[in-house]
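It should be emphasised that the depicted structure is a prediction, and the values quoted were computed from it without experimental measurement. Chain A is the first sequence line, chain B the second, and so forth, proteins listed ahead of strands; every chain is numbered from 1.
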There are 2 protein chains.
Amino acid sequence: MTSPDLPANPPTLHDVAREAGVSLATASRSLNGSARTVREPYREKVLAAAARLGYTPNLSAQAVAKGSTMTVALLVADIADPYFSSIAAGVIRAADDVGLVVTMAATERDTRRELELVRAMRGQRPRVLILAGSRVEGDENELALRAELEAFQSTGGRVTLISQNTLPFETVLLDNFEGARALAASLVELGYRRFAAISGVASLRTARDRLTGFRAGLADHGIDLSDDDVAVTAFTRDGGYAGAEQLIPRITDFDLVFAVNDVMAVGAMSALRDAGIAPGVEVGVAGYDDIPTVRDVTPALTTVRIPLEEVGARALALAMGTGEQSAPIATEVILRASTPRRG
Amino acid sequence: MTSPDLPANPPTLHDVAREAGVSLATASRSLNGSARTVREPYREKVLAAAARLGYTPNLSAQAVAKGSTMTVALLVADIADPYFSSIAAGVIRAADDVGLVVTMAATERDTRRELELVRAMRGQRPRVLILAGSRVEGDENELALRAELEAFQSTGGRVTLISQNTLPFETVLLDNFEGARALAASLVELGYRRFAAISGVASLRTARDRLTGFRAGLADHGIDLSDDDVAVTAFTRDGGYAGAEQLIPRITDFDLVFAVNDVMAVGAMSALRDAGIAPGVEVGVAGYDDIPTVRDVTPALTTVRIPLEEVGARALALAMGTGEQSAPIATEVILRASTPRRG
DNA sequence: AACGGTTCGGAATACGCTTTCCCAAATCGT
DNA sequence: ACGATTTGGGAAAGCGTATTCCGAACCGTT
């Protein structure tokens, strides 16, 4: 009389215990092979029963009982952006290695939303909360965010930031300043002299560090980069496109355009081409990050490599207390066809 | 005498109730504004107390009590691959809109691992399980995977597959056959006549459908694509590179190379260039998917657009019973510079 | 053979929350 | 104005697990 496949409930530990003819406690102990031992006649029975029933422990129940979960929460600005998806891949891989599962959400570069997401994620009682994505200084939600993170921390949670050493939490530090400085040095060595840049707003820490680092590198060689030669736009491909458009009227004044990240550089190259200017030939282009795409664009893009997956892995290690705190991530200048040696 | 900030426990509903001077039940009812109403003196007190304490409901406990979670599990082959990260972005956005949180893992294209991950994910008791990633037919783990998914389904879970109509579950169907066929028609119309292809193994459903569709499109115009002219390799950028290398010795026999997905096409273009052959000039190149990268490579790649984020969103909608089952995803041929009109 | 000490299964309790169930109080009908 | 009905707070019973505590069975001494 019963409907053939009405949604039965998943087997519980109780079912396993009954099936095996033992108590709940014995069943539990047999399955998570923990502290106390279970003697052989029993243990085997439980394992068999569990297999027979296709038992999978309810992680929520486990979390309630043990008072802690096995999850890490990851917040990124934009999942489809290769910068973040590479980092996410690193986090997920590392998490997986230690038996943690990661839940992910996208802030869409909106700090209001980021705050909401942190609140929502806290409901999961994750062991770790990782925030990636450039933070704006002096944002109206900064205080609330900080308070939320501190509350999380004070209840035993670990929080790790990626790159954005804006907030007082453990951070995977990318030395954006030094990376950009080294890039500038390499470019000068190649013969470039007249520079322009495309950057994000100065309150964006990452953008600012890269720009000032680049400036410092130029200054080391007595070259100046005036504010007039810096286009300020959004931190996206389309931002890079728009930034290049601003520079194009005076493009003959420059022999190199530095975009503070690769997606912007790619957008800039596109704008240049659309304006009939050959990137890498009439004007050099350089970016930052070394996302996978940039070795496949033409000309291949000169950039500063960040080992993105490693950054993700490191973020988790840091939170778990596994990683060496201080060791900064090593970056490396990668010279490609977009910056040929110049006369 | 107590250490200043030893990890206190997060406030519980019990704390809130006490702080507000009401019972547990009243506190619970006030907070999730459900069925029964709570009168004003009480309700306000509870809300205030919750705010004061910074209370965030423990989702695990809620899940145990209600017998259901608000999570969706997403399994993809590779998170850093733009194809999957775009789909993931769509899933996450859609999930977020309906208050679901998504937990994500990567199968690394290993079916053994995929099976393990499904098992692990089941522990979360997600409402929905979404599998993306090309499945190999006749895989040794296929039976076990299928059994696992069916078990999940029989306990009320919803499973949705993306693209891979290999298993008997709800699927977001991409008409790979028709898309490739339309592409072939467009290319013939542009004047191409001598075709080569780079594909994955035939047991990979997606690869096979695209290849047979492409063949069908050519056949419509009386053109044949021999097996000798199809390089079979891995479904990755490097696979595409290797595939092109196979074809290069005979490259003058062809006027167009079709790679069954964009990352392979990008790899192929790279191989061609490395061999001194100008893609788009000496030989046309076409791909499939329209990942973001391909409009920025040079020449920009001709491809078949799949609205990837929409696919992700649709997968979730399907599982939630919100989407129109049958409506197949609309694909569209995008002609770009990699396939200029010929002759 | 008797005794203290160890091992380990089972009953019971706890975890944080939702949801019945009970019953006093408030509301309504006439 | 009084009984019938609705309203809504509180106690308590779960949800599926882990774990403490108890006591019976087992061990090695002497």
Chemist: Below 4.0 angstrom from OP1 or OP2 of dT18(C), is there any side-chain N or O of Ser28(B)?
Modeler: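 Ser28(B) to dT18(C) OP1/OP2: side-chain N or O found under 4.0 Å.
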Chemist: Scan nucleotides 9-11 of chain C against the protein and return all N/O pairs shorter than 3.5 Å with their distances rounded to 0.1 Å.
Modeler:
{"unit_1": "dG9(C)", "atom_1": "OP1", "unit_2": "Arg39(A)", "atom_2": "N", "d": "2.7"}
{"unit_1": "dG9(C)", "atom_1": "OP2", "unit_2": "Thr37(A)", "atom_2": "O", "d": "3.4"}
{"unit_1": "dG9(C)", "atom_1": "N7", "unit_2": "Arg36(A)", "atom_2": "NH2", "d": "2.4"}
{"unit_1": "dG9(C)", "atom_1": "O6", "unit_2": "Arg36(A)", "atom_2": "NH1", "d": "3.1"}
{"unit_1": "dG9(C)", "atom_1": "O6", "unit_2": "Arg36(A)", "atom_2": "NH2", "d": "3.0"}
{"unit_1": "dG10(C)", "atom_1": "OP2", "unit_2": "Ser23(A)", "atom_2": "N", "d": "2.9"}
{"unit_1": "dG10(C)", "atom_1": "OP2", "unit_2": "Ser23(A)", "atom_2": "OG", "d": "3.4"}
{"unit_1": "dG10(C)", "atom_1": "OP2", "unit_2": "Thr26(A)", "atom_2": "OG1", "d": "2.9"}
{"unit_1": "dG10(C)", "atom_1": "N7", "unit_2": "Arg29(A)", "atom_2": "NH2", "d": "2.9"}
{"unit_1": "dG10(C)", "atom_1": "O6", "unit_2": "Arg29(A)", "atom_2": "NH1", "d": "3.3"}
{"unit_1": "dG10(C)", "atom_1": "O6", "unit_2": "Arg29(A)", "atom_2": "NH2", "d": "2.9"}

Chemist: Mind calculating the distance between CG (Asn9(B)) and C1' (dG16(C)) to the nearest angstrom?
Modeler: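 My rounded result for the distance is 11 Å.
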Chemist: Please give, in whole Å, the distance from dG10(D) C1' to Arg18(B) CZ?
Modeler: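 Distance, rounded to whole Å: 17 Å.
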Chemist: Could you work out, with salt bridge (charged side-chain N to carboxylate O under 4.0 Å, His left out) as the rule, every residue matching Glu44(A), not counting sequence neighbours?
Modeler: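 Not a single residue meets the salt bridge (charged side-chain N to carboxylate O under 4.0 Å, His left out) criterion with Glu44(A).
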Chemist: Through what angle, rounded to 10 degrees, does the axis of the helix from dA1(C)-dT30(D) to dT30(C)-dA1(D) turn between its ends, using five pairs per end?
Modeler: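 It comes to 30° between the two terminal axes.
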Chemist: Only counting residues at least two apart or in another chain, list the ones meeting side-chain contact (heavy atoms from CB on, under 4.5 Å) with Arg18(B).
Modeler: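 In terms of side-chain contact (heavy atoms from CB on, under 4.5 Å), with neighbours along the sequence ignored, Arg18(B) is linked to His14(B), Asp15(B).
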Chemist: To the nearest Å, give me how far apart CG (Leu13(B)) and C1' (dT18(C)) are.
Modeler: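 Leu13(B) atom CG is separated from dT18(C) atom C1' by 9 Å.
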Chemist: Measure the distance from NE2 on His14(B) to P on dT18(C) and round it to the nearest whole Å.
Modeler: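 It is 14 Å, rounded to the nearest whole Å.
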Chemist: Val159(A) versus Leu131(A): any side-chain heavy-atom pair under 4.5 Å?
Modeler: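 A side-chain contact under 4.5 Å is absent here.
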Chemist: Measure the distance from CD on Gln124(A) to C1' on dG16(C) and round it to the nearest whole Å.
Modeler: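 Between C1' of dG16(C) and CD of Gln124(A): 16 Å.
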Chemist: Under a 4.0 Å heavy-atom cut-off, which of residues 55-67 of chain B touch DNA chain D?
Modeler: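 Of all residues in residues 55-67 of chain B, the ones placing a heavy atom under 4.0 Å from DNA chain D are Val64(B), Ala65(B).
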Chemist: Taking Arg146(A) first and then Glu150(A), would you say they form a salt bridge - that is, a charged N and a carboxylate O separated by under 4.0 Å?
Modeler: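 Glu150(A) and Arg146(A): salt-bridged.
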Chemist: Determine whether Ser28(B) and Leu13(B) make a side-chain contact, defined as any pair of heavy atoms from C-beta on separated by less than 4.5 Å.
Modeler: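 Contact flag for Ser28(B)/Leu13(B) side chains = yes.
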Chemist: According to the side-chain hydrogen bond (donor to acceptor under 3.5 Å, both in side chains) rule, which pairs have a member within residues 64-77 of chain B, sequence neighbours left out?
Modeler: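 Residue pairs passing side-chain hydrogen bond (donor to acceptor under 3.5 Å, both in side chains), neighbours aside: Ser68(B)-Arg127(B).
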Chemist: Look at the side chain of Thr155(A) and the backbone N and O of Phe152(A), then say whether any donor-acceptor pair between them is shorter than 3.5 Å.
Modeler: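 Judged by distance alone, yes, a pair lies under 3.5 Å.
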